[in-house]
Amino acid sequence: HVQLAESGGGSVQPGGSLRVSCVSSGLTYNDYCLAWFRQTPGKKREGVAAFSTGVGNRYYADSVKGRFTISGDSAENSVSLQMNRLQSEDTATYSCAALRGGCYSTRWADESEYRFWGQGTHVTVSS
């Protein structure tokens, strides 16, 4: 069965950087859209970035464009999110999600499209 395991969360000061990673198992890596979502208490889960493992397309939320970079590694069946110039508003629990088929601009940020989810890793940005 499909499993997603995140790692790399932690605490950082504003302006700092963190990298979170997600290793997948039980899926055909090149046939999925792998995405990162984030959520804070009382708020709706937000799509942050997505990566089409088959063709390498990348999608980003406007709030993170130019600061975050998503990348995939087929050798490790993983997807990572490099987060630079972090702001307090980036504080959240970050979860990896998998959707069979490619990412599309019309659906990558819709959490209801994703069948598989990791447990999440927490990121805190605070001075």
Side-chain angles (χ1 to χ4, degrees):
H1 63 285
V2 176
Q3 288 187 307
L4 302 172
E6 301 99 335
S7 62
S11 296
V12 66
Q13 292 187 340
S17 298
L18 276 177
R19 184 180 182 89
V20 291
S21 295
C22 171
V23 176
S24 66
S25 61
L27 54 78
T28 303
Y29 183 79
N30 287 331
D31 191 30
Y32 276 79
C33 174
L34 298 179
W36 286 95
F37 284 76
R38 65 186 181 187
Q39 189 171 27
T40 54
K43 288 192 176 181
K44 188 176 181 292
R45 189 176 280 169
E46 174 191 20
V48 177
F51 177 76
S52 281
T53 57
V55 296
N57 291 345
R58 293 168 171 81
Y59 301 85
Y60 296 96
D62 288 343
S63 59
V64 306
K65 277 181 184 174
R67 300 188 299 122
F68 290 12
T69 302
I70 191 169
S71 60
D73 186 333
S74 59
E76 298 195 353
N77 290 340
S78 67
V79 64
S80 296
L81 186 68
Q82 177 66 42
M83 303 181 288
N84 298 329
R85 305 203 316 269
L86 282 159
Q87 306 165 356
S88 58
E89 307 87 87
D90 297 315
T91 295
T93 297
Y94 285 72
S95 298
C96 177
L99 159 64
R100 189 166 183 183
C103 304
Y104 298 97
S105 60
T106 53
R107 71 171 185 175
W108 76 266
D110 182 352
E111 63 174 305
S112 69
E113 294 278 351
Y114 292 81
R115 180 177 178 185
F116 306 107
W117 291 84
Q119 292 296 311
T121 184
H122 197 65
V123 170
T124 300
V125 184
S126 174
S127 55

Checklist line | Separation of Arg19 CZ from Asn84 CG (nearest 0.5 Å) | finding: 10.0 Å
Next item on the list: May I ask you to test the Thr91-Ser126 pair for a side-chain heavy-atom distance under 4.5 Å?
Entry: no
Notebook entry, point to check: Would you say Tyr60's side chain and Gly66's backbone share a donor-acceptor pair under 3.5 angstrom?
Noted result: no
Note to self: Looking at Ser7, is its backbone amide N or carbonyl O close enough to the side chain of Ser21 to form a donor-acceptor pair, meaning the two atoms are under 3.5 Å apart?
What the structure shows: no
Item checked: Heavy-atom donor-acceptor pair, Arg85 side chain to Arg67 backbone, under 3.5 Å -> no
Margin query: Can you tell me if Arg100 has over 12 outside heavy atoms packed within less than 6.0 Å of its CZ?
Written below: no
Notebook entry, point to check: Rounded to the nearest 0.5 Å, how far does SG of Cys33 lie from CZ of Arg107?
Noted result: 7.0 Å
Note to self: What's the separation between atom OG in Ser80 and atom CH2 in Trp36, rounded to the nearest 0.5 Å?
What the structure shows: 7.0 Å
Check: Shortest non-hydrogen contact from Thr93 to Gly120?
Finding: CG2-CA, 4.0 Å
Check: Between Asn30 and Thr53, does any side-chain donor sit less than 3.5 Å from a side-chain acceptor?
Finding: no
Check: At their closest point, which heavy atom of Gln39 faces which heavy atom of Lys43, and how far apart are they?
Finding: NE2-O, 3.1 Å
Notebook entry, point to check: Of all residues at least two apart in sequence or in a different chain, which pass the ring-ring contact (aromatic ring centres under 6.0 Å, His included) check with Phe51?
Noted result: none
Item checked: N/O donor-acceptor pair under 3.5 Å between Arg115 side chain and Glu113 backbone -> no
Notebook entry, point to check: Between Ala50 and Ala35, which heavy-atom pair has the shortest distance, and what is it?
Noted result: CB-CB, 3.8 Å
Checklist line | Gap between atom CD of Glu6 and atom CG of Leu81 - 0.5 Å precision | finding: 11.5 Å
Margin query: To check you understand the geometry: which heavy-atom pair defines the closest contact between Val79 and Cys96, and what is its length?
Written below: CG1-SG, 4.0 Å
Next item on the list: Can you measure from CG (Leu86) to OG (Ser11) and round to the nearest 0.5 angstrom?
Entry: 11.0 Å
Check: For the atom pair CE (Met83) and CZ (Arg38), what is the distance rounded to the nearest 0.5 Å?
Finding: 9.0 Å
Check: Can you find a heavy atom in the side chain of Phe116 that is under 4.5 Å from one in the side chain of Leu27?
Finding: no
Margin query: What I'd like to find out is whether the side chain of Ser63 reaches to under 4.5 Å of the side chain of Gln87, using heavy atoms alone.
Written below: no
Margin query: Is it the case that the side chain of Thr69 and the backbone of Gln82 share a donor-acceptor pair, with hydrogens and angles ignored and the cut-off at 3.5 Å?
Written below: no
Next item on the list: Could you identify which residues cluster with Tyr59, counting Ile, Leu, Val, Met, Phe, Trp and Tyr as linked when any side-chain heavy atoms lie under 4.5 Å apart, either directly or through a chain of such contacts?
Entry: Phe37, Leu99, Trp108, Tyr114, Trp117
Checklist line | Student check: side-chain heavy atoms of Cys22 and Leu4 closer than 4.5 Å | finding: yes
